[in-house]
Amino acid sequence: MAHWLMKSEPEVYGIAHLDAEGTTLWDGIRNYQARNFMRSMVIGDRAFFYHSNATPPGIVGLMEVIETGLTDPSQFDSGSKYFDPKSSAAAPRWDCVRLRHLRTFGRLLSLEELREQFDPDTLPVVRRGNRLSILPVEEASALRIYALLGETP
DNA sequence: GCCAACGTTGGC
DNA sequence: GCCAACGTTGGC
């Protein structure tokens, strides 16, 4: 069981939305590196929900991967901002996973605090200028994140 | 294949 | 609003 970190802007889709819905399709990923991370996800993996473009930005909750290898439907939707004219049903470029809400943490673990605790080699999200919306989290780092939050893994 | 221009993400 | 980082695009 691996850990990941997945970013979303709270005003667009935050942990409260996921909590209300229970599960969600993590669609709209249009970066090959992030897509490839999603492709390596396995059912049962966990992902920290990270609020980006927030004040302050940080980790707010925990999700579980419940379905993998799904085709991202928004790539075919000409009305969507995620429409990709180079994509076809025969050769889709983008896929996604389904996630389930596991926990909303009692507090936000801010990027500032993460920067105090980790360097970019052990937790890439703290790297200045980092833009990747999906990142792997090493097991040791994941355990430390739980500990900092006073949560049980 | 190189590389400059451009676009996007996201912190501050 | 600015800027760092960096992926993508297109001319050559």
Side-chain angles (χ1 to χ4, degrees), chain A residues 2-21 23-41 45-65 68-99 101-138 140-142 144-149 151:
Chain A
H3 276 85
W4 306 90
L5 182 145
M6 301 174 85
K7 299 179 187 174
S8 185
E9 301 186 22
E11 313 228 323
V12 178
Y13 192 88
I15 188 76
H17 297 103
L18 179 61
D19 193 14
E21 288 189 324
T23 77
T24 192
L25 205 59
W26 205 268
D27 60 356
I29 299 301
R30 294 294 178 271
N31 171 288
Y32 288 106
Q33 218 179 327
R35 182 201 67 181
N36 293 341
F37 282 138
M38 272 201 304
R39 285 188 174 174
S40 65
M41 288 180 184
D45 279 359
R46 286 174 166 194
F48 293 108
F49 197 125
Y50 179 94
H51 278 175
S52 60
N53 255 319
T55 46
I59 290 170
V60 292
L62 186 66
M63 307 181 277
E64 180 187 9
V65 177
T68 58
L70 303 166
T71 301
D72 182 341
S74 65
Q75 67 194 305
F76 307 124
D77 176 4
S78 59
S80 166
K81 67 179 277 203
Y82 299 118
F83 176 65
D84 185 347
K86 291 183 237 170
S87 218
S88 68
R93 318 184 133 205
W94 307 108
D95 43 58
C96 55
V97 297
R98 182 169 290 280
L99 297 151
H101 179 271
L102 283 185
R103 291 180 226 174
T104 298
F105 295 138
R107 72 178 183 96
L108 176 142
L109 181 57
S110 70
L111 177 60
E112 184 183 24
E113 191 172 354
L114 290 171
R115 288 210 162 111
E116 289 165 6
Q117 299 290 331
F118 299 94
D119 63 53
D121 293 330
T122 52
L123 193 71
V125 72
V126 306
R127 182 170 286 117
R128 172 168 173 61
N130 163 77
R131 299 179 302 151
L132 256 192
S133 66
I134 299 176
L135 295 159
V137 178
E138 290 175 7
S141 301
R144 207 144 138 232
I145 287 168
Y146 286 118
L148 288 164
L149 285 161
E151 295 275 339

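All values derive from a computational prediction rather than experimental measurement.
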Engineer: Evaluate the side-chain proximity of A:Tyr146 to A:Phe48: yes if any heavy-atom separation is below 4.5 Å, no if none is.
Structural biologist: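 A side-chain contact under 4.5 Å exists here.
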
Engineer: Can you give me the closest heavy-atom contact between A:Asp77 and A:Phe83, atom names plus distance?
Structural biologist: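 Heavy-atom minimum between the residues: O-CB, 3.1 Å.
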
Engineer: Determine whether A:Val97 and A:Asp45 satisfy the following criterion, side-chain contact (heavy atoms from CB on, under 4.5 Å), listing intermediate values before the conclusion.
Structural biologist: CA-CA 11 Å; A:Val97 297; A:Asp45 279 359; over 6 Å; no

Engineer: Check for a donor-acceptor pair, side chain of A:Arg30 on one end and backbone N or O of A:Tyr82 on the other, with a separation under 3.5 Å.
Structural biologist: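 Yes.
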
Engineer: What closest approach, in Å, do A:Leu108 and A:Pro57 show between heavy atoms, and which atom pair accounts for it?
Structural biologist: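 A:Leu108 and A:Pro57 have their closest heavy atoms at CD2-O, 4.0 Å.
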
Engineer: Is there a residue in residues 126-135 of chain A whose heavy atoms reach under 4.0 Å of DNA chain C, and which residues are they?
Structural biologist: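 Contacting residues: A:Arg128, A:Gly129, A:Arg131.
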
Engineer: Shortest non-hydrogen contact from A:Trp26 to A:Met38?
Structural biologist: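 Minimum heavy-atom separation between A:Trp26 and A:Met38: O-SD, 4.0 Å.
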
Engineer: Of the residues in residues 49-61 of chain A, which ones touch DNA chain B at a heavy-atom distance under 4.0 Å?
Structural biologist: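 Within this stretch, A:Tyr50, A:Ser52, A:Asn53, A:Pro57 sit under 4.0 Å of the strand.
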
Engineer: Below 4.5 Å, heavy atoms only, C-beta onward: do A:Asp72 and A:Asp84 meet side chain to side chain?
Structural biologist: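 A side-chain contact is absent here, since even the closest heavy-atom pair is not under 4.5 Å.
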
Engineer: Quick check: do A:Val125 and A:Phe118 have side-chain heavy atoms less than 4.5 Å from each other?
Structural biologist: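 The answer is no; the side chains never approach within 4.5 Å.
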
Engineer: Check whether any side-chain heavy atom of A:Met63 sits under 4.5 Å from a side-chain heavy atom of A:Leu102, and report yes or no.
Structural biologist: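 A side-chain contact under 4.5 Å is absent here.
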
Engineer: Using atom types as modelled, flag every donor-acceptor pair under 3.5 Å from a side chain in residues 9-19 of chain A to any protein atom, sequence neighbours excluded.
Structural biologist:
{"residue": "A:Glu9", "atom": "OE2", "partner": "A:Asn53", "partner atom": "ND2", "Å": "3.2"}
{"residue": "A:Tyr13", "atom": "OH", "partner": "A:Glu21", "partner atom": "OE1", "Å": "2.6"}
{"residue": "A:Tyr13", "atom": "OH", "partner": "A:Thr24", "partner atom": "OG1", "Å": "3.4"}
{"residue": "A:His17", "atom": "ND1", "partner": "A:Gly14", "partner atom": "N", "Å": "2.7"}

Engineer: Would you check if A:Val137 and A:Leu123 make a side-chain contact, meaning some heavy-atom pair closer than 4.5 Å?
Structural biologist: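 A:Val137 reaches A:Leu123 side chain to side chain.
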
Engineer: Going by heavy atoms closer than 4.0 Å, what residues in residues 105-123 of chain A are next to DNA chain C?
Structural biologist: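 The stretch gives none, as no residue of it lies under 4.0 Å from the strand.
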
Engineer: Donor-acceptor pairs are to be reported for all side-chain atoms of residues 86-93 of chain A against protein atoms at under 3.5 Å, with residues two or more places apart or in another chain.
Structural biologist:
{"residue": "A:Ser87", "atom": "OG", "partner": "A:Gln75", "partner atom": "OE1", "Å": "2.5"}
{"residue": "A:Ser87", "atom": "OG", "partner": "A:Arg93", "partner atom": "N", "Å": "3.0"}
{"residue": "A:Ser88", "atom": "OG", "partner": "A:Ala91", "partner atom": "N", "Å": "2.9"}
{"residue": "A:Arg93", "atom": "NH1", "partner": "A:Tyr32", "partner atom": "OH", "Å": "2.9"}

Engineer: Go through DNA chain B in 5' to 3' direction and return only the first and the last nucleotide with some atom under 4.0 Å of chain A's heavy atoms.
Structural biologist: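 Using the under 4.0 Å cut-off, the span is B:dG7 to B:dC12.
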
Engineer: Across the strands shown, which category fits A:Lys81 at heavy-atom distances under 4.0 angstrom: base, sugar-phosphate, nothing?
Structural biologist: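 Nothing: the residue A:Lys81, judged by heavy atoms under 4.0 Å, touches no strand.
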
